[in-house]
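Here the structure comes first, spelled out in structure tokens, and everything after it is commentary.
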2 protein chains.
Amino acid sequence: MVVIPVGASRRQRARAATFEEIKNTALDLMREQGTTDVRFTDIARVMGMTPPALYRYYADRDELLTDLITDGYRHLGDAIAEALEAVDPKDIGGRWVAAASAYREWARSEPQQFALVLGMPVPGYVAPDEGPTTEAAKGAMSQLAALFVDAATSRKLRKPLVCDVSPGVADCAHDKHPELDGVVPTESFQAMLQAWASLHGIVSLEAYGHLDWFEPKARDALFLSHIEMVAKAAGLPTSSRS
Amino acid sequence: MVVIPVGASRRQRARAATFEEIKNTALDLMREQGTTDVRFTDIARVMGMTPPALYRYYADRDELLTDLITDGYRHLGDAIAEALEAVDPKDIGGRWVAAASAYREWARSEPQQFALVLGMPVPGYVAPDEGPTTEAAKGAMSQLAALFVDAATSRKLRKPLVCDVSPGVADCAHDKHPELDGVVPTESFQAMLQAWASLHGIVSLEAYGHLDWFEPKARDALFLSHIEMVAKAAGLPTSSRS
DNA sequence: CAGAAAAGTTATGGCGCTTAACAAACACTA
DNA sequence: TAGTGTTTGTTAAGCGCCATAACTTTTCTG
């Protein structure tokens with residue numbers, strides 16, 4: 001990731017701008033070609049440069065991909081956060097719908113970046129510090145976790161559809177998300193993971209075109225009823241507008 | 001896809017065997033390198049041939065990929081069918097667990113092939129005849145559909161957690177799966193799709209390593225409780241062993 | 001056995017990634 | 001203002017892989 005220097009010199013600002021231009025060009029090409037496979041040559045050509053010039057910014061193609069991945073999961077997190085801000089904090093059900101819809105919209109609008117972040121890991125990609133990949137999961141999840149905490153503290157969190165929890169899951173809940181301890185019951189932590197998985201499933205299928213045999217309006221309806229089902233199964237209150 | 005000739009000449013059998021060897025070598029390399037990106041050069045080297053020889057069998061790399069994709073979704077379907085055969089047809093809940101577990105095991109054992117079939121579509125891949133990609137979805141789904149038909153005819157299918165169905169979804173149910181008409185209610189058809197999506201979600205996350213922060217045993221438990229939740233939400237009877 | 005078909009080989013071109021060597025632009029200092 | 005070092009870009013070149021062409025060897029068939 002590239003840190004944008006605020007009080008930086010002219011050169012540093014130019015350099016930062018070039019980093020951004022490279023990444024944006026790469027994303028444009030990915031969108032245009034429907035692939036996560038970007039050619040350095042093409043990026044350089046679009047930018048009006050020669051390919052070797054890019055090596056002043058990235059050591060190799062994998063380093064650019066890594067940067068795009070870390071950017072990607074931050075954008076996903078931001079999209080969700082932004083959607084959440086637009087909803088009354090009291091309206092837990094509405095917040096769930098907003099977050100899930102943001103997740104979906106981001107995946108639909110940026111399927112390649114979505115695939116980079118949450119699809120099959122790219123081979124050359126080395127995960128620094130426990131891995132942004134894992135961070136992506138935890139980042140998206142932490143907002144979900146916050147939702148469950150809110151629901152629990154405001155006593156709107158019902159028991160999930162399945163309450164059997166194995167010790168392994170309980171241990172993991174304690175280890176990885178200690179902020180939930182004493183607030184969100186273990187069975188709700190499990191339900192939260194399953195809500196995320198269920199959401200991710202329908203979003204993945206749609207983003208990769210496996211639901212194209214549906215009319216767009218039917219897909220919308222299917223998605224909305226899906227996340228309503230997920231909310232019910234997880235014990236979240238359903239949207240206040242219904 | 002390569003049709004295996006039964007009463008074929010020596011040469012035809014040799015050719016078919018070479019096709020199989022190419023595909024198996026490609027899959028081995030994919031497993032070994034953790035990529036769907038296979039080099040013709042490497043395949044040839046492992047097979048003790050020169051790269052151009054492979055062009056007697058596949059016009060280009062994309063054609064091999066297409067073959068692997070169509071093979072892949074057939075293998076997935078077979079794995080599910082095989083798992084289903086081992087369970088008492090009366091035990092709807094057990095059959096759901098078996099099918100879902102087979103889906104999971106296949107994805108875990110062949111993550112690259114799973115990514116090819118149900119991940120982001122590969123760019124050069126042209127879908128013949130409405131597309132194997134869509135066929136993959138429908139193929140896996142038709143077995144799910146059969147499960148719901150069985151459940152409905154034996155009166156074990158309860159109402160799903162969400163019963164609101166939009167006209168678009170109902171139309172699609174009628175158009176694409178007429179075999180369900182009059183047997184499986186539309187809300188159950190919708191629930192079936194959502195069950196598949198939910199299953200796919202947790203399987204994708206696990207196959208791509210996004211649940212690696214769980215202990216293996218915890219992942220198993222999470223998966224089992226997930227599909228139990230999904231079954232409940234869809235109105236399927238839960239496994240008879242519980 | 002002869003000729004055709006199939007399968008494989010070497011030779012070759014093209015393209016993309018990447019490094020090396022060089023040139024121009026820029027910034028800082030005397 | 002001139003000089004010097006850094007940054008950013010260029011051209012040249014090597015390597016590897018995809019793919020085609022032309023040629024050779026093997027295998028089938030009449």
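Atom set for the values below is all heavy atoms of this structure, side chains included, hydrogens, waters and symmetry mates excluded.
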Under the salt bridge (charged side-chain N to carboxylate O under 4.0 Å, His left out) rule, what do D220(B) and K217(B) come out as? Steps first, then yes or no, please. CA-CA 5 Å; D220(B) 293 345; K217(B) 283 188 65 172; over 6 Å; no
Under 4.0 Å, heavy atoms only, any strand: does F40(B) hit a base, just the sugar-phosphate, or nothing? sugar-phosphate
Rounding to a whole Å, what distance do you find between L54(B):CG and dC18(D):P? 9 Å
Please determine whether a side-chain nitrogen or oxygen atom of R39(B) lies at a distance below 4.0 Å from atom OP1 or OP2 of dC18(D). no
Below 4.0 Å from chain B heavy atoms, what is the first contacting nucleotide of DNA chain C and what is the last? dA5(C) to dA11(C)
Whole angstrom value for the distance that separates P of dT20(D) from CD of E63(B): 11 Å
Is it the case that atom CD in E215(A) sees more than 12 heavy atoms from other parts of the structure closer than 6.0 Å? no
What string of B, S and - do you get for nucleotides 21-30 of chain D, 5' to 3', if B is base contact, S is sugar-phosphate-only contact and - is no contact with any protein heavy atom under 4.0 Å? ------BS--
Can we call the ring centroids of F40(A) and Y55(A) under 6.0 Å apart? yes
For this output row, return yes or no: ring centroids of H200(A) and F114(A) closer than 6.0 angstrom. yes
Is there a donor-acceptor contact under 3.5 Å from the side chain of H226(B) to the main chain of S198(B)? yes
For T41(A), answer base if it contacts any base atom (sugar-phosphate contacts may also be present), sugar-phosphate if it contacts only those atoms, and nothing otherwise; contact means non-hydrogen atoms under 4.0 Å. sugar-phosphate
Can you tell me how far CD of Q113(A) sits from NZ of K23(A), rounded to the nearest 0.5 angstrom? 10.0 Å
Once you round it to whole Å, what is the distance between P of dA19(D) and OH of Y55(B)? 4 Å
Tell me, yes or no, whether the heavy-atom count around E82(B) atom CD, taken from other residues, nucleotides or ligands under 6.0 Å, exceeds 12. no
So, H210(B) side chain and G119(A) main chain: donor-acceptor pair closer than 3.5 Å or not? yes
Between C1' of dC18(D) and OH of Y58(B), the distance in whole Å: 17 Å
The side-chain contact (heavy atoms from CB on, under 4.5 Å) partners of D42(B) (sequence neighbours excluded) come to L29(B), Q33(B), R39(B), R45(B)
Which part of the nucleic acid does D42(A) contact within heavy-atom distance under 4.0 Å: base, sugar-phosphate only, or nothing? nothing
